[in-house]
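Keep in mind the model is a prediction, meaning the values are calculated, not measured. When reading the values below, keep in mind they use all heavy atoms of this one structure, side chains included, and skip hydrogens, waters and symmetry mates.
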Amino acid sequence: MIARLWLMFRFEWRKLLSRKLPLVAALCVLTLALLAPKAGQVMDTAAALAQGKSAQANLYANGWTALCGAVNSARFFLVLAVVVLAGSSVAEETSTGTLRAICLRPVRRWEFLLAKLLGLWSYASALLIAVVVVAALGAELDRGLYDVVDPSYPDRLVRAFGDMCGYVYLAVALTLPPLLALCSLGLLVSTLVEHPGHATGIAVGALFALSAVSGLADELRPWIFTEDLSAPFVLVGDIAAQYTGTKARLATGALARGVWLPLVWAGACFGISAFVLERRDVLA
């Protein structure tokens, strides 16, 4: 089974790399991550001048806040690209007839779905890591990545360089489970809807609907994973900006919830996808 999964996983990666959308999306997202720190400064200055105010430097801004801001700026387009790819993944196989050919082979349908999910998730994870690396480069060129100090007391060390690197690594790790849930959600829609265009639109709509529910319904917010896509780097940015109350948000329970909840969503969406595909008559 592992050998079959590995072969199908490699095949999914070859299909991803043969398409223009994943490559164009990666290029756009990485360019945005590189330019975001400088663009943020320009936009802040322009906004201040538009209000008739003189541009004032944020004393608490530093390379780490620039890094996190760049990642959060690129995150929206990264998430959108992943949803579009996941939403069209199975539907395209159905519309072109390749799903029927795959099901005629000695391959379990859930294995086929798992290979697709792993391929999408690995692409999303690799793109996230590349975004962080490029954002770090942009932040280093713009402000420099140094120790975080209190601007009122320049000799007072708040966070060492190594500590901030550790927080960034933790933020990357905490973003991976929500990305898996996102890929599983798109895969579920792609399994339910056979037309790739419709599936893509519904997957994007489902993501925005979940985000809206999370923002408007306080009682449902703890059970929706969409905020976990942005929360890790927002937290690191708050730490770098020396916001109060950030230490409480680093509690073990809060971090654990950001892992197990997206994994539950991923497992549920994948399980429903496998159930639906197993009972679909794709050989007719």
Side-chain angles (χ1 to χ4, degrees), residues 12-50 55 57-58 61-89 119-146 161 164-165 167-176 178-180 182-183 186 200-201 203-204 207-208 211 226-238 240-241:
E12 291 300 325
W13 256 102
R14 284 199 296 269
K15 285 198 293 186
L16 278 173
L17 295 179
S18 67
R19 298 175 60 182
K20 291 182 179 179
L21 177 58
L23 300 178
V24 172
L27 180 61
C28 293
V29 170
L30 294 176
T31 302
L32 177 60
L34 180 63
L35 300 179
K38 183 61 69 178
Q41 284 191 29
V42 173
M43 290 177 65
D44 290 342
T45 302
L49 293 176
N58 181 2
N62 52 58
W64 300 103
T65 60
L67 186 157
C68 295
V71 173
N72 283 321
S73 297
R75 175 188 52 81
F76 173 78
F77 297 97
L78 186 155
V79 166
L80 192 61
V82 171
V83 170
V84 169
L85 289 171
S88 62
S89 56
L120 290 165
W121 185 44
S122 60
Y123 168 80
S125 302
L127 185 54
L128 170 67
I129 294 171
V131 163
V132 173
V133 172
V134 171
L137 175 61
E140 173 65 26
L141 294 174
D142 183 48
R143 294 179 179 270
L145 296 174
Y146 307 110
F161 173 83
M164 292 308 303
C165 286
Y167 286 130
V168 171
Y169 300 151
L170 178 62
V172 172
L174 290 175
T175 309
L176 296 181
L179 280 179
L180 180 62
L182 184 69
C183 294
T200 299
V204 173
L207 174 64
F208 281 104
S211 300
T226 50
E227 283 194 356
D228 297 317
L229 288 163
S230 60
F233 280 96
V234 170
L235 176 57
V236 175
D238 290 348

**Request:** Could you please spell out the steps behind the side-chain contact (heavy atoms from CB on, under 4.5 Å) verdict for Tyr167 and Leu235?
**Result:** CA-CA 9 Å; Tyr167 286 130; Leu235 176 57; over 6 Å; no

Residues at least two apart in sequence or cross-chain that pass salt bridge (charged side-chain N to carboxylate O under 4.0 Å, His left out) with Glu12, listed by chain then number, are Lys15, Lys116

For Asp228, the side chain to side chain donor-acceptor pair (under 3.5 Å) test, sequence neighbours excluded, returns Arg257

List the steps and the verdict of side-chain contact (heavy atoms from CB on, under 4.5 Å) for Phe161 and Leu145.
CA-CA 7 Å; Phe161 173 83; Leu145 296 174; 4.2 Å; yes

Is the side chain of Asn62 donor-acceptor paired with the backbone N or O of Ala240 at a distance under 3.5 Å, no angle test? yes

Heavy-atom nearest pair, Trp121 first then Leu176, reads NE1-O, 3.0 Å

Side chain to side chain contact (heavy atoms under 4.5 Å, CB included) filter on Leu16, not counting sequence neighbours, yields Pro22, Leu85, Tyr123

Taking distance alone, no hydrogens or angles, what donor-acceptor pairs closer than 3.5 Å link side-chain atoms of residues 66-83 to residues at least two apart or in another chain?
from  : atom 1 : to    : atom 2 : distance (Å)
Asn72 : ND2    : Cys68 : O      : 3.2
Ser73 : OG     : Gly69 : O      : 2.8

CG of Leu179 to SG of Cys183, rounded to nearest 0.5 Å, is 6.5 Å

The side chain to side chain contact (heavy atoms under 4.5 Å, CB included) partners of Val134 (sequence neighbours excluded) come to Leu30, Ala33, Leu34

Value for CZ (Phe233) from OG1 (Thr65), rounded to nearest 0.5 Å, stands at 13.5 Å

Per side-chain contact (heavy atoms from CB on, under 4.5 Å), Thr175 is matched among Ser230, Ser125, Pro232 by Pro232

With sequence neighbours left out, the residues meeting side chain to side chain contact (heavy atoms under 4.5 Å, CB included) with Leu23 are Leu17

Taken in chain and number order and not counting sequence neighbours, the residues that satisfy side chain to side chain donor-acceptor pair (under 3.5 Å) with Ser122 are Trp13

Quick note, salt bridge (charged side-chain N to carboxylate O under 4.0 Å, His left out) partners involving residues 124-137, not counting sequence neighbours, are none

Across all chains, not counting sequence neighbours, the side chain to side chain contact (heavy atoms under 4.5 Å, CB included) partners of Ala231 are none

For residues 23-33, the salt bridge (charged side-chain N to carboxylate O under 4.0 Å, His left out) pairs (sequence neighbours left out) are none

Handout entry: N/O donor-acceptor pair under 3.5 Å between Trp64 side chain and Tyr146 backbone
Key = yes

Across all chains, not counting sequence neighbours, the ring pair (Phe, Tyr, Trp, His ring centres under 6.0 Å) partners of Tyr169 are none

